[in-house]
There are 2 protein chains.
Amino acid sequence: MEETKIILERSDDEQCPIEKSLTIISAKWSFLIIRELLIDGTLRFGDLLKGLEGISPKTLSLRLRELEENKIITRTVYPEIPPKVEYSLTEKGKQLEGILLELKRFGLTLE
Amino acid sequence: MEETKIILERSDDEQCPIEKSLTIISAKWSFLIIRELLIDGTLRFGDLLKGLEGISPKTLSLRLRELEENKIITRTVYPEIPPKVEYSLTEKGKQLEGILLELKRFGLTLE
DNA sequence: CGGAATCCAAAGCGATACTG
DNA sequence: CAGTATCGCTTTGGATTCCG
């Protein structure tokens, strides 16, 4: 039962793991979307559009697609009229709560 | 001896703490600069310029100033000729190692 | 050596209008 | 309702040159 220790080292990957994580979290509006879903569980496109004041549907749509591609959220379509689409976090997505809390803790130490 | 629990909640600050942290860490090249300093301790401008392949002096200079403003690094000038300037992490800056490790751990779970 | 100044291309994103 | 399409501005940062 070996666990590989995670240490900090240089990585010449085109995409090192730290960078992958940051790319996902730090795109504009991304962590806010994730936070909404952590708090509310499941939300529709319109809910997010309304909850995140200032976001455009274009950007929201783009961010949601990226998060889905990275398995952070799931997208569920209900074949009704009018359409209904729900978004929620995957298990992997929920793991981001810890990171967001760390970022919050650190951010609070900045004047 | 009360400790305020850090919980995830909506924040309508122009700059919520999570966003502050992310702004610092996720600017292009920022976490790489921090990682270099975590590994090497103290580095000169030229060392960083050489170590971070692809960065331009303009961008490096900009990032260093931002990090200094946020008390993540210190800048020490030795009044010599030719000039010598050294950068290293503050105690606050060193605290970012934990966050970078979390980001790495998470990044490794992404395919 | 450690930057600052300039110029420019690319990306990012908001506003808005439109569609299945 | 849940997006997509288009347009144009703003920001970012790379390349390069120059300076104390």
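These values consider heavy atoms only, across backbone and side chains, with no hydrogens, waters or symmetry-generated copies.
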### Query
Would you say D:dC1 has OP1 or OP2 under 4.0 Å from some side-chain N or O of A:R44?
no
#### Entry: Rounded distance [0.5 Å steps], CG in B:L96 versus CD1 in B:I25
5.0 Å
#### Entry: Distance, rounded to the nearest Å, where B:K84 contributes NZ and C:dG2 contributes P
9 Å
### Message
In whole Å, I'd like the distance from the CD1 atom of B:I73 to the C1' atom of C:dG2.
### Response
14 Å
### Query
Under a 4.0 Å N-O cut-off, is there an ion pair linking B:R35 with B:D40?
no
### Message
Just the rounded figure in Å: distance from P of C:dG2 to CG of B:D47.
### Response
7 Å
### Task
Could you tell me whether A:R10 and B:E36 have a side-chain N and a carboxylate O separated by less than 4.0 Å?
yes
### Task
Kindly determine whether B:T109 and B:R105 satisfy side chain to side chain donor-acceptor pair (under 3.5 Å), including the steps that lead there.
CA-CA 7 Å; B:T109 72; B:R105 184 198 315 282; over 6 Å; no
### Task
For B:T59 and B:K28, work out which heavy atoms get closest and say how close.
CG2-O, 4.5 Å
### Message
Please encode protein proximity along nucleotides 3-16 of chain C as a string of B, S and -, counting only heavy-atom distances under 4.0 Å.
### Response
SBBBB-----BBBB
### Query
Nearest-Å distance, CG (B:L60) to C1' (D:dT12)?
16 Å
## Note on the structure
note: A:L52, atom CG; D:dA2, atom P; distance rounded to Å ~ 14 Å
### Query
Are B:E9 and A:K104 within salt-bridge range, i.e. N to O under 4.0 Å?
yes
### Query
Tell me: CG of B:L49 to C1' of C:dG2, nearest whole Å?
9 Å
